[in-house]
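Below: the structure, in structure tokens.
Within every chain, numbering begins at 1; the chains are lettered A, B, ... in the order of the sequence lines, protein sequences first and strands thereafter.
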Amino acid sequence: MFALKRKGVFYGYREASLMKMTVKRLYETYETQTDKKITLFGWVRNHRSQKAFGFINLNDGTFFETIQVVYEADHLENFEEIRKTRIGASLRVEGVVEATPNRPQPFEIKARSIEIVGDSEEDYPIQPKRHSREFLREHAHLRSRTNLFTAVFRIRSLLTHAIHTFFQDRDFIHLASPIITASDAEGAGEMFQVTTLDLENTPKSEKAVDYSKDFFGRKANLTVSGQLQAEAFAQAFRDVYTFGPTFRAEKSHTATHASEFWMIEPEIAFADLEDDMDLAEEMVKEIIGYVMKHAEKEMAFLNKFVEKGLLDKLQNVMQSKFARITHREAIDILKQAKVAFENEPSYDRDLATEHEKHLAKHFDAPVFVTDWPKHIKAFYMRLNDDKETVAAMDLIVPKSGEIIGGSQREERYDVLLKRMEEMNVDSEELKWYLDLRKYGTTPHAGFGLGFDRMLMYITGVANIRDVIPFPRTPKNCEF
RNA sequence: GCCUCAGUAGCUCAGCCGGUUAGAGCACUUGACUGUUAAUCAAGGGGUCCUAGGUUCGAAUCCUAGCUGGGGCGCCA
């Protein structure tokens, strides 16, 4: 085997890496490949053997569909060995392409030789039948070989590309905002501490831990947001975005929370809240369109087996004009609704999950809620003229609730400083952030999109742990 | 953190108002089958009934505690 590999028999990269035959390429070109001899590598998804011939459904990861490989005793020296191939085994298949217009699949491979590259043992847990998501979560290293997870993770990859494409097409600069940060000023949730101190024997002065002895000479954490750094870049490049991992140490136990997730945070200078919402709306529509165009098979599968009406839902989002209402108007709608909410809607308070669901249903389309009471929002959001609300916006979508939160940022030095004092944010620690308002400040705005939640929305998958390859949640750091 | 449901074969589950030898389908093994499509048919192997205590002549079944997982709420993206 290794000798084969050294000779380049597996891939033939040296000669023609771009012409590597894959299941995807075959599906694209099979009409012109009839009777041609090809070589495929892949894994057995299903296998049905009979006395003198058999059928193997081969998947090589490049395409959602499998290819049916037909093998016959007459053509294989190792027929008896191949007949016993189990699901999960990896194979090298040489064969001839044959069009099969009268069968469920458009073409198949008549095998001329099959070599077992790696056998799969009897207790391979993934079977050709429906498995529970819970079971597959516990086999996260194998679940990506199932239909559902091939679909989800290919779409995840496409969605990443769609987001970069959207921003790069508009000349946004991508910045890698820091993952380790000493600032916890944003107050966006519990943080994971990063330290090289010996926790069994921490240096102390008086009673407190002496962080001057720690790696950075101060207390450090994993980031909860790259926004503040993005703002700094926006004041140089005008339009920028971050796209990276984010960490929250909350002990949340829900289908929409993970300890490690990815966020997209665009930040635009010389822009107000309306521009911000325009950007968000355009982005949501475009990235959905990209996925629907580039993952047709996967989306059709999800539409059929995961969320009935998924395609209609997404079409509706792409065609609709997102509603825009103020927080006050939202509360009015809720108060007038003939629904007994567990939480009484209040002009003074945040929307509960049940409120978001009602609003999404009320409009039957995504809806921006703007102008929130200042005391329930972050210090950096721009104070409106009424002095009571801030120029914030949340985008609420049917079925998934809030997927975007954004705001116009407070660009006025004095107002920002006052808000920091009111909200007990240490202005010394964020001196650099205040500096941005001293040297050529601009009206600017931005938002944060929870990438994994967006993926849930697009795939219809209801649990965030099923859209993250190896999810991290409280008490769960397997794999 | 709070409320709730569950844990029986590799998987999905039945059995659970206590009763002696714990079942089914799929998977696996062996065989049959000349075109299968989650193929079909026959036979076979496979169990810490989550763990620890308790009640009882007897516990998968009842009680207590714990562990693990699901769902809902809260915190948030």
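- For the residue pair A:Y241 / A:E267, no side-chain donor-acceptor distance below 3.5 Å is found, with atom types taken as modelled.
- Only the P atoms considered, B:C62 is 14 Å distant from B:C5, to the nearest whole Å.
- Taking atom C1' on both B:U8 and B:C33, the two are 36 Å apart, rounded to the nearest angstrom.
- The distance from atom CD of A:E190 to atom OG of A:S252, rounded to the nearest 0.5 Å, is 9.5 Å.
- Counting to the nearest Å, the P atom of B:G70 and the CZ atom of A:R133 are 13 Å from each other.
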Exercise for the section: Heavy atoms under 4.0 Å is the rule here; annotate nucleotides 35-49 of chain B 5' to 3' with B where the base is hit, S where only the sugar-phosphate is, and - elsewhere. Expected result: BBBBB----------
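- In summary, the aromatic rings of A:F167 and A:H174 are positioned with their centroids too far apart to meet the 6.0 Å limit.
- Counting any heavy atom pair closer than 4.0 Å across all strands shown, A:T246 reaches no nucleic acid atom.
- Closest to the A:A352 side chain, of the nucleotides B:U30, B:G74, B:U29, is B:G74.
- Looking at the side chain of A:S132, the nearest of the listed nucleotides B:G71, B:C75, B:U12 is B:U12.
- Applying the Watson-Crick and G-U wobble criteria (two distances, each under 3.5 Å), B:U56 pairs with nothing in any strand.
- Rounded to an integer number of Å, the gap from CZ of A:R86 to C1' of B:C26 is 17 Å.
- Donor-acceptor pairing under 3.5 Å, judged by distance alone, is present between the side chain of A:H257 and the base of B:C76.
- Here the separation of B:G7 from B:C13, taken at their P atoms, is 10 Å to the nearest Å.
- Across all strands shown, B:C11 forms a Watson-Crick or G-U wobble pair with B:G25, both key distances being under 3.5 Å.
- In this structure, B:A38 forms no base pair with any nucleotide, since neither Watson-Crick nor G-U wobble geometry is met with both distances under 3.5 Å.
- The shortest distance between the side-chain N/O atoms of A:T353 and the OP1/OP2 oxygens of B:G74 is below 4.0 Å.
- The distance between atom CD of A:E356 and atom P of B:C75, rounded to the nearest whole Å, is 10 Å.
- A 3.5 Å limit on both hydrogen-bonding distances identifies B:G72 as the Watson-Crick or G-U partner of B:C2.
- Geometrically, A:R143 engages A:F149 in a cation-pi contact, judged by NZ or CZ lying under 6.0 Å from the ring centre and within 45° of the ring axis.
- Heavy atoms of A:R83 sit under 4.0 angstrom from at least one base atom.
- The gap from the C1' atom of B:C16 to that of B:G23 amounts to 14 Å, rounded to the nearest Å.
- The same atom, P, is picked in B:A6 and in B:U64; the two are 14 Å apart, to the nearest Å.
- With A:Y380 as reference, A:Q227 is the one residue of A:E410, A:Q408, A:Q227 to meet the side-chain hydrogen bond (donor to acceptor under 3.5 Å, both in side chains) rule.
- Here the two rings, on A:F172 and A:F237, have centers that are 6.0 Å apart or farther.
- Side-chain atoms of A:Q127 and base atoms of B:G10 include a donor and an acceptor less than 3.5 Å apart.
- Nucleotides B:A22 and B:C3 place their C1' atoms 34 Å apart, quoted to the nearest Å.
- At a cut-off of 3.5 angstrom, the base of B:C75 holds at least one donor-acceptor pair with the side chain of A:S252.
- Under the 4.0 Å criterion applied to side-chain N and carboxylate O atoms, A:E121 and A:R86 are not assigned as salt-bridge partners.
- In this structure, the ring of A:Y71 has its center no less than 6.0 angstrom from the ring center of A:H75.
- Pairing partner, B:U20: none, since no Watson-Crick or wobble contact has both distances short of 3.5 Å.
- Between the P atom of B:A27 and the CZ atom of A:R45 lies a distance of 17 Å, rounded to the nearest Å.
- Contacts of A:I87 with the nucleic acid, taken as non-hydrogen atoms under 4.0 Å apart, are absent.
- Residue side chain A:H253 does not reach the base of B:C73 through any donor-acceptor N/O pair under 3.5 Å, judged by distance alone.
- A distance of about 43 Å separates the P atoms of B:A65 and B:C28, rounded to the whole Å.
- Rounded to whole Å, atom C1' of B:G10 lies 7 Å from atom CZ of A:F135.
- For the side chain to side chain donor-acceptor pair (under 3.5 Å) condition, the pairs that include at least one residue of residues 95-110 of chain A, sequence neighbours left out, are A:Q68-A:E108, A:Q105-A:E108.
- Within the 4.0 Å cut-off from OP1 or OP2 of B:G71, at least one side-chain nitrogen or oxygen of A:R465 is found.
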